[in-house]
Novice: 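First the structure, which I've put down as structure tokens, then a few questions once you've had a look.
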Amino acid sequence: RRRRRRRRAMKLSEYEAIRGYLTALPCNVFPDMDALKASHPGVSLDTLVSIYSQESSRRIRGSHGRHVRGIEAHARRYLGGEDVFAIADAIDFPPCQLMRLLLEHLLCLGHKSVGPCLR
């Protein structure tokens, strides 16, 4: 007979503390999950990774439109010789996502054509 593990609901204050730590980091910095786990011992590593993934997606979705609208400026910087990683760090946006936007803009590619181009 199998024993069922009882799931414990996370307190909102604990979730907000974890979320606050994650959202304070720049997008190019992966959080120290060991330190986060040590400061929240009742929360599983899977849960912490899940919260991180949700917040990362939320951040990208929230700022994507702003970067689409500002792609002209980003493209000028890139064409001026600035490294895509430096630009991404400066605007707090993932370099891969920035490169996708740059390829769409500079090469007039459709959204679906960028993936094969990156491969």
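Below, all heavy atoms of this structure are taken into account, side chains as well, without hydrogens, waters or symmetry copies.
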Novice: Would you check if the side chain of S113 reaches a backbone N or O of L109 as a donor-acceptor pair within less than 3.5 Å?
Specialist: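 No, because the side chain of S113 does not come within donor-acceptor range (under 3.5 Å) of the backbone of L109.
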Novice: Just by distance, do the side chain of S53 and the backbone of V49 share a donor-acceptor pair under 3.5 Å?
Specialist: yes
Novice: Could you pull out all donor-acceptor pairs under 3.5 Å where a side-chain atom in residues 17-31 meets a protein atom, sequence neighbours excluded?
Specialist:
residue: R19; atom: NE; partner: E55; partner atom: OE1; Å: 3.2
residue: R19; atom: NE; partner: E55; partner atom: OE2; Å: 2.8
residue: T23; atom: OG1; partner: R19; partner atom: O; Å: 3.0
residue: T23; atom: OG1; partner: G20; partner atom: O; Å: 3.3
residue: N28; atom: ND2; partner: D89; partner atom: OD1; Å: 2.5

Novice: Counting N and O atoms only, with roles assigned by atom type, does the side chain of K37 sit under 3.5 Å from a partner on the main chain of P41, one being a donor and the other an acceptor?
Specialist: yes
Novice: Treating Ile, Leu, Val, Met, Phe, Trp and Tyr as nodes and any side-chain heavy-atom pair under 4.5 angstrom as an edge, say whether I87 and V68 lie in one connected cluster.
Specialist: yes
Novice: For side-chain contact (heavy atoms from CB on, under 4.5 Å), just list the numbers for F93 and R59, CA-CA rounded to whole Å, side-chain angles, deciding distance to a tenth of an Å, and then say yes or no.
Specialist: CA-CA 9 Å; F93 196 64; R59 178 185 284 185; over 6 Å; no
Novice: With sequence neighbours left out, what residues match A90 under side-chain contact (heavy atoms from CB on, under 4.5 Å)?
Specialist: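 Applying side-chain contact (heavy atoms from CB on, under 4.5 Å) to A90 gives R77.
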Novice: For residues L106 and A75, report the shortest heavy-atom separation together with the two atoms involved.
Specialist: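 Closest heavy-atom pair between L106 and A75: CD2-CB, 3.8 Å.
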Novice: Answer with yes or no whether the side chains of T47 and S44 bring together a donor and an acceptor at under 3.5 Å.
Specialist: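 Result is yes, a qualifying pair exists.
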Novice: Within a strict 4.5 Å, meaning less than it, do heavy atoms of the L103 and M99 side chains meet?
Specialist: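 Side chain of L103 against side chain of M99, heavy atoms only: contact under 4.5 Å found.
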Novice: Assess the side chains of Q97 and H64: does a donor N or O sit below 3.5 Å from an acceptor N or O?
Specialist: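 Judged by distance alone, the side chains do not pair up.
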Novice: Say whether, by atom type as modelled, one donor and one acceptor occur between the side chain of S57 and the main chain of Q54 under 3.5 angstrom.
Specialist: no
Novice: Output every pair passing salt bridge (Lys or Arg N to Asp or Glu O under 4.0 Å) with a member in residues 42-53, not counting sequence neighbours, ordered by first then second residue.
Specialist: none
